[in-house]
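Letters go in sequence order (proteins before strands), and every chain restarts at 1.
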Amino acid sequence: MPELPEVETVVRSIAPLVGRRIVGAEFRCLRVLRGGDPDEMAAQVSGKRIARVERYGKFILIHLAPSGYLMVHLGMTGKLLLGGPSGKHTHAVLTLSRGVLLYDDSRQFGRLQYFDSVPQRLQELGPEPLEVSFEDFFARMKGRKTSIKALLLNQNFVRGVGNIYADESLFRAGIHPQAMAGRLKRERARRLYGAVREVLREAIDAGGSSISDYVDAEGRRGWFQIQHRVYGREGEPCSKCRSPIRRVVVAQRSSHFCAKCQRR
DNA sequence: ATCGGTACCTGCACGC
DNA sequence: TGCGTGCAGGTACCGA
């Protein structure tokens, strides 16, 4: 479900929780805790205040005061919801000094973990695509022997790009998803850099893409999906040249592209 | 260090 | 109506 623009939208929607206290916590699903103990986690967060909510690519880091961090990743189907009824896929309930925050995740690919300090995984991630310089972006592509699609999906290259925005960015840049990353010339890399940033900004402005069930913490859907030019449009005419959009598997993921407009 | 392949879950749309 | 198949915004882990 959620890539950088969706996670950014979720983070913005839970920003009002800053300053509130976690008065009670219940964790129900072992899988999303990734080895954490439910009762221990409840004890670690209970009584603490939400000091700050931050996004690292697709990860959410909730700073607790006086100490500690709750790291949240939404996986494919994770949702943070302000209030609302808890259902069969509600895996965590945080009772706040005002309101309730639920974690819901039908496929359980997401995760909720407590850390005493900023988790190592977050430090290993690549830079934010909206903050990285072109020189750094280009330097990171050098010598890579994988497809540009796979590289864009690699969170240690840049953080936050997923399947939708990789395909949309490659279309806008006119680059074939299977082009070898390390072979892209400076000029084409420049176009890709611009395309990634443009797509992400537009998607954030649209509140993300709601393909099936993505919603922010207030239950609002995004509408960037209506601006998708290739993702989910297999067989439809390309918006530039009218030739049919194709779908192939690259890096084990569906990749949507125009064979005429996107060159290797 | 880097790369490709696999595993992890549930739900939904589809064809029969 | 039910059943099998394929597909889905994700990452982690394995061996080569």
Side-chain angles (χ1 to χ4, degrees), chain A residues 1-11 28-36 55-60 71-80 87-91 103-113 119-122 124-126 129 139-170 177-183 196 199-200 203-204 206-216 220-228 230-235 247-256:
Chain A
M1 172 214 318
E3 304 181 32
L4 187 153
E6 291 76 31
V7 179
E8 176 64 23
T9 305
V10 169
V11 163
R28 300 170 179 168
C29 173
L30 286 178
R31 169 160 289 282
V32 301
L33 301 186
R34 306 296 167 111
R55 182 184 59 72
Y56 282 72
K58 303 174 197 171
F59 290 80
I60 298 169
M71 188 181 81
V72 182
H73 194 290
L74 302 175
M76 293 279 255
T77 50
K79 293 183 182 81
L80 281 173
K88 82 166 159 172
H89 298 302
T90 303
H91 305 311
Y103 180 73
D104 195 280
D105 186 357
S106 63
R107 288 178 75 183
Q108 303 171 35
F109 283 175
R111 53 207 276 189
L112 288 176
Q113 292 173 287
Q120 181 65 29
R121 178 70 189 102
L122 299 186
E124 296 162 357
L125 293 170
R140 286 169 165 273
M141 293 172 57
K142 290 232 171 87
R144 295 306 202 113
K145 295 216 182 312
T146 190
S147 66
I148 188 59
K149 172 70 184 273
L151 190 61
L152 286 171
L153 294 177
N154 180 346
Q155 303 299 296
N156 292 348
F157 170 61
V158 291
R159 56 169 113 128
V161 177
N163 208 32
I164 294 176
Y165 300 106
D167 282 3
E168 292 299 317
S169 300
L170 288 167
Q178 287 173 305
M180 175 103 69
R183 291 256 170 83
V196 168
V199 164
L200 293 176
I204 290 170
S209 299
S210 289
I211 307 279
S212 59
D213 64 351
Y214 160 75
V215 288
D216 73 9
R220 293 176 294 230
R221 293 170 57 84
W223 50 274
F224 191 71
Q225 66 280 4
I226 65 178
Q227 296 186 60
H228 292 174
V230 287
Y231 186 85
R233 298 199 181 282
E234 183 184 11
R247 183 175 71 87
V248 297
V249 174
V250 183
Q252 288 80 242
R253 312 294 300 278
S254 273
S255 294
H256 312 74

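Between A/Met141 atom CE and B/dC3 atom P the separation is 12 Å, expressed in whole Å. A straight line from OH of A/Tyr56 to P of C/dT11 spans 17 Å, rounded to a whole angstrom. We find that CG of A/Leu125 is positioned 9 Å from P of C/dT11, with the value rounded to whole Å. For A/Asn154 and B/dA1, the CG to P distance is 14 Å, given to the nearest whole Å. Computed from coordinates, the A/His256 NE2 to C/dC7 P distance equals 11 Å when rounded to whole Å. Atom-to-atom, CZ of A/Arg144 to C1' of B/dG4 comes out at 14 Å; the value is rounded to the nearest Å. We find that CG of A/Asp105 is positioned 18 Å from P of C/dA8, with the value rounded to whole Å. Note: NZ (A/Lys149) to C1' (C/dG10) measures 13 Å, nearest angstrom.
The side-chain heavy atoms of A/Gln113 and A/Leu33, taken from C-beta on, include no pair separated by under 4.5 Å. Counting only heavy atoms from C-beta outward, the side chains of A/Tyr165 and A/Glu6 approach each other to under 4.5 Å. Side-chain contact between A/Ile148 and A/Met180 is absent, with no heavy atoms from C-beta onward closer than 4.5 Å. In this structure, the side chains of A/Tyr103 and A/Thr90 stay at 4.5 Å or more apart for every pair of heavy atoms. Two residues are said to be in side-chain contact when any heavy atoms from C-beta on lie closer than 4.5 Å; A/Phe157 and A/Leu152 meet this criterion. Counting heavy atoms from C-beta outward, A/Leu74 and A/Phe59 have side chains that stay 4.5 Å or more apart. Counting only heavy atoms from C-beta outward, the side chains of A/Leu4 and A/Val161 never approach each other to under 4.5 Å.
Using a 4.0 Å heavy-atom criterion, one finds that A/Tyr231 contacts the sugar-phosphate atoms exclusively. Within the nucleic acid shown, A/Ser147 has no heavy atom closer than 4.0 Å to any nucleic acid atom.
Residue A/Arg28 places its CZ atom among more than 12 non-hydrogen atoms of other residues, nucleotides or ligands, all under 6.0 Å distant.
Side-chain nitrogen and oxygen atoms of A/Thr77 include none within less than 4.0 Å of the OP1 or OP2 phosphate oxygen of C/dG10. Put simply, A/Lys58 has a side-chain N or O that comes within less than 4.0 Å of OP1 or OP2 on C/dG10. Residue A/Gln155 places at least one side-chain N or O closer than 4.0 Å to OP1 or OP2 of C/dT11.
For B/dC8, the base is stacked against the aromatic ring of A/Phe109, per a cut-off of 5.5 Å between centres and 30° between planes.
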For DNA chain C, what dot-bracket results from Watson-Crick or G-U pairs at under 3.5 Å, with [ ] for crossers and | for inter-strand partners?
.|||||||.|||||||
Assess whether salt bridge (charged side-chain N to carboxylate O under 4.0 Å, His left out) is satisfied between A/Asp213 and A/Lys79, documenting all intermediate values.
CA-CA 10 Å; A/Asp213 64 351; A/Lys79 293 183 182 81; 3.4 Å; yes
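Using modelled atom types and a 3.5 Å distance limit, the side chains of A/Asp105 and A/His89 yield no donor-acceptor pair.
Nearest to the side-chain atoms of A/Arg247 among the listed nucleotides C/dC7, C/dG10, B/dC3 stands C/dC7.
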Pick out the pairs of N or O atoms, protein on one side and nucleotides 10-13 of chain B on the other, that lie under 3.5 Å.
unit_1, atom_1, unit_2, atom_2, d
B/dT10, O4', A/Ser106, O, 3.3
B/dT10, O3', A/His89, NE2, 3.3
B/dG11, OP1, A/Lys88, NZ, 3.1
B/dG11, OP1, A/His89, NE2, 2.7

For nucleotides 12-15 of chain C, which of its nitrogen or oxygen atoms have a protein nitrogen or oxygen under 3.5 Å away, and what is each distance?
unit_1, atom_1, unit_2, atom_2, d
C/dA12, OP1, A/Arg111, NH1, 2.8
C/dA12, OP2, A/Arg121, NE, 3.2

